[in-house]
Amino acid sequence: MDKLIIRGGNRLSGTIPISGAKNSALTLIPCALLTEEPLTLRNLPRLADIDGFQHLMNQFGVTTVIQGGRPEDFGRVMSLEAPRITSNVAPYDLVRRMRASILVLGPLLARTGEATVSMPGGCAIGNRPIDLHLKALEAFGAQIELTAGYVKAVAPGGSLPGGSYDFPVVSVGATENALMAAVLAAGTCRLSNAAREPEIVDLCNLLVAMGAEIEGIGSGDLTIHGVKRLHGATYRVMADRIEAGSYACAAAITGGEVLLEGARVEDMGATVDALTAIGVAVEAEKRGLRVAANGPLRATDLTTAPYPGLATDMQAQLMSLLTRARGTSVLTETIFENRYMHVPELARMGADIAVSGRTATVTGVERLTGAAVMATDLRASMSLIIAALAADGESEVRRIYHLDRGYERLEEKLQLVGADIQRVGDD
Ligand code: UD1
């Protein structure tokens, strides 16, 4: 298994190209199930999760073609075409490897009137149930049955009649599934307290480009008037706001200055506010977002929340940055109950962090020291890279398959701005 060797201390400076958003891509790809015509997605990141999802789509009879894209380029174009759905079953062996597979439930149900998807099970950052996905589909008229670890959803008569659902808590995944199910309903579907994340807006924009009728895009109240059929489209995946935020933290912890090329400031409000509070200068430019850390880093208190609040996907990276800030910061994680697995690893590098329930108290330290570390999820792994970039000496970050799931060619991008980072095989 590969690992990354990082020698800390280099000040990052230059330009980092920001890739297409993983979390957006993983909900745009299953939209191919909703039409007989081709769907072409541009700016897809080269990631293990995208390859996995492509494989899953093939399972349903979707043909996929990756076009162009020299190996040295970032991003890819994928065309997906599903003239006929040959299977509406997502088996356990594919679903267990990738939680996002649950997102095929809504579109398969909408297209074929029936879908059977293995339940995804637990994962490293908490319980992650799917009850809200199922309740929303039920509210639209689906019959749901749970047997032998599988969810079977049926639209009596072949299409969902429509209905209303008010989410008791904001769920990104359940909003996505409900939207993809609703667009081909016989009637009208309404969602309140729906997720408003930029990736949801990206999904709505694609669905509208395919002929869907959706009102309230960008708000928590969505009204979807079902249409008989959707057509193909060509669509560019939005820039990855979490990747951009991660590199902003990486540059800031080294006292560096980088241009995050292609990043969209309008999607990154809460992250920009957090960086500003920490004393990092952030400025929107025509080509992207410029981030500069010229003075000392300051402690600040941060709480994760659904959009437009601070993304839970930024918590670990900002925590790393705060390990080097002056003073004491309090971080509160409100989305997932078990998302501090990076803390013991950061402590091994010299960070001073005390966790109590959903709260982490970070007291800034003068120096971090390089160490061998590993993490159990994607963003936690990134937080270790950020700490390693500022640590004295050499760090070894293991289990980097997590990073390959979510950061396109991470070490190359960091090398572009002067980081001393290398991928080596583990023997
Ligand atoms: C969540 C994050 C998203 C992040 C992703 C990967 C939020 C609101 N969502 O999305 O920003 O990119 O993880 O880290 O920040 N829940 C239920 N029942 C359900 C579905 C969810 O109780 O059926 C709960 C979850 O346990 C969680 C909350 O709702 O506490 C939000 O979960 P959800 O948004 O669905 O998770 P993801 O879609 O994975």
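As a basis for the values below, the full set of heavy atoms in this structure was taken, side chains included, without hydrogen atoms, waters or symmetry mates. Every number for a ligand or one of its atoms is a count from 1 in the order of the listing. We number each residue from 1, following the sequence as shown.
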For the side chain of Ser79 and the backbone of Thr40, is there at least one donor-acceptor N/O pair under 3.5 Å apart? no

Can you pull the side-chain hydrogen bond (donor to acceptor under 3.5 Å, both in side chains) pairs that have at least one residue in residues 202-216, sequence neighbours excluded? Ser24-Asp202, Asp202-Tyr235, Glu215-His225

Note: heavy atom closest to atom 31 (C) of ligand 1, options Leu103, Val170, Leu378, belongs to Val170

Does any N/O atom on Ser171 come nearer than 3.5 Å to any N/O atom on ligand 1? yes

Taking atom types as modelled and ignoring hydrogens, do the side chains of Glu333 and Thr304 form a donor-acceptor contact shorter than 3.5 angstrom? yes

Below a 4.0 angstrom heavy-atom separation, can you tell me which part of Phe336, side chain or backbone, both or neither, approaches ligand 1? side chain

At a non-hydrogen distance cut-off of under 4.0 Å, which region of Asp131 contacts ligand 1 (side chain, backbone, both, or neither)? both

Under 4.0 angstrom from ligand 1, any heavy atom of Met314? no

Thr312 and ligand 1 - part of the residue with a heavy-atom distance under 4.0 Å: side chain

Any Pro129 heavy atom less than 4.0 Å to ligand 1: yes

Please work out whether any backbone atom (N, CA, C, O) or any side-chain heavy atom from C-beta onward of Val172 is under 4.0 Å from ligand 1, and answer side chain, backbone, both or neither. both

Do any nitrogen or oxygen atoms of Ala305 lie less than 3.5 angstrom from nitrogen or oxygen atoms of ligand 1? no

Between Thr27 and Glu199: side-chain donor-acceptor atoms closer than 3.5 Å: no

Of the backbone atoms (N, CA, C, O) and the side-chain heavy atoms from C-beta on, which set of His133 has a member under 4.0 Å from an atom of ligand 1: side chain, backbone, both, or neither? both

Can you tell me which residue among Asp240, Asp313, Asp49 is in a side chain to side chain donor-acceptor pair (under 3.5 Å) with Asn23? Asp313

Does only the side chain of Arg196 get under 4.0 Å from ligand 1, or the backbone, or both, or neither? Count heavy atoms. neither

Check whether Ser383 reaches the backbone of Ser320 with its side chain - one donor and one acceptor, N or O, closer than 3.5 Å. no

Check whether more than 12 heavy atoms from other residues, nucleotides or ligands sit under 6.0 Å from atom NE2 of His55, and answer yes or no. no

